[in-house]
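As structure tokens, the structure follows; a few thoughts come after it.
Just so we're on the same page: letters track the sequence lines, and every chain starts at 1.
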Amino acid sequence: MHPKLKKREREVEMRLSRAGVPLRRYILSMTIALALSGCIAEKPWHVEEVTGHLPDLNFSLTSDHGSTVTASTYEGYLLLMYFGFTRCTAECPVSMARLAHVMRLLGDDANRARILFVTLDPRRDTPQILHRYVTQFDSEHAVGLTGTIADIERLTKQYRAAYRPRSRIDEAGDIEHGDAVYIFDTKGQARLLATSSDSDESLAKDLQRLIKTNY
Amino acid sequence: MDMLYWFTPWEESALVAVVAGTAAILFLRGCGRSHPRLQQKLYFWTGLILLYLVSHTQFDYYAEHQFFIHRLQHLVLHHLGPFLIILSSPWSTLLAGMPHPGRQLCAQIAEWKPLLYLDRVLCKPIIAVTLFSALIGFWLLPSVHFTAMIDWRLYRLMNWSMFINGLMFWGIVLHQRPILSVRLTPGSRIAMMLAVIPPQIVLGALIFFATREIYPIYTICGRAIGGVSAIADQQIGGIILWIHGAMMSAIGILIVARNELMPGKAREQEQPG
């Protein structure tokens, strides 16, 4: 070691010793504290945590304004991604109304969040139709996304969302899909998986916690 | 064109393709040299094709998104597929299909001490039965199942572990000749097959009689087949585990008993040509 550095280390040690904490013991106690903090489990989330189990957000789609957007467009925002289609009469309107309510519960924090409504029926859901649909629920924070069937299939496959574009969409007009809300942090990392069984309040609490720890 | 689409993999896995391809090539080459019986060929190809179809085609999409199809997939991976492959006694044919260095390597590995030790441990009836039953139970624990169905790495680990464990268990109980250095009596092999029945019945019944959804992941991510409710899906899955899983043991027991009652015929089957 460089003699100057060695001298500096000795000075630090002496200063710490003077404070009544010998350096060795100081390091030891810090190590134990760190080890313990790793052992004590973090407070669980209200909704399902999926950190590390689902891939980071990665897509290139068309927004309801007609422009091409990618995951990096929304970097810095907390994202709530939902797969649905505008002609859906069951789960989608309920889930979208719910997400809009959660946004209201977030108050000012909602400005740091975006709802991404990804259509499963890109043949019918043009950007204009999507724009009209998402603004009905939340004109400020909701974004409608569409693309080619292949693009959407790739995205649903990544997140294990059921989607069979080859099945009889056209005849029945109904698409089998889940009710998951995939929640990504500001860096695009998948963190939580909310469902219709989670209450709006607990979802809002988790989102607030994520916003606080993420900035 | 559309028919071919069904045979394309839903999620490509190089490992599945390489293992299935290697097994098929070795067996084909071996058939030319060791001339196995028609019955053996039939068992081997049915087993291998079934295993490939459930794990590397569009079937996999349905297994990911419908609980009862997932149970069917595991019935093939853990029971039917390995069962048929073991029944075909493919080892001598596969060995004959290998190039000379490969055969030498296999002979060396078969004498490797740690492997012989592991063989003695894994062939202990209690351990083999516990591993077989516990593995089914482990992947069906609600929280484990949830994570395995969303994380593709865990999903693959689950399917591979089921297949390898199936191969081990059926290999121990159906194989007549000693496995490396361990020889089990027909009685203990029959007892092992009987012992794995109750755990499967209990697990299947627990799932069948559950009044609430134990595996919500299929509702969360969406079901592949419309019109089947969550509880109905769960009940069909429970029935598959309950009856069909235990059924394989019954067939296995009949096969072992027949081989004991008709030793001549069994020997003829084991050593063809």
Under 3.5 Å, is there a donor-acceptor pair between the A/Asp125 and A/Thr146 side chains? no

For the residue pair A/Arg98 and A/Tyr82, would you count it as a cation-pi contact if the rule is NZ or CZ under 6.0 angstrom from the ring centre and within 45 degrees of the ring axis? no

Using non-hydrogen atoms only, which part of A/Glu48 is less than 4.5 Å away from chain B: side chain, backbone, both, or neither? side chain

If one checks every heavy atom of A/Phe83 against chain B at 4.5 Å, the contacting part turns out to be neither

At a 4.5 Å cut-off on heavy atoms, which part of B/Tyr61 comes close to chain A: side chain, backbone, both, or neither? side chain

Do B/Tyr218 and B/His145 have a side chain donor and acceptor closer than 3.5 Å? yes

Under 3.5 Å, is there a donor on one side chain and an acceptor on the other for B/Gln200 and B/Ser133? no

Checking A/Arg114 against A/Tyr74: charged group under 6.0 Å from the ring centre and within 45 degrees of the axis? no

Residue among A/His53, A/Arg160, A/Glu176 with most heavy-atom pairs under 4.5 Å to chain B: A/Arg160

Most contact-rich option vs chain B, by heavy-atom pairs under 4.5 angstrom, among A/Ala194, A/Gly178, A/Ala162, A/Ser196, is A/Ala162

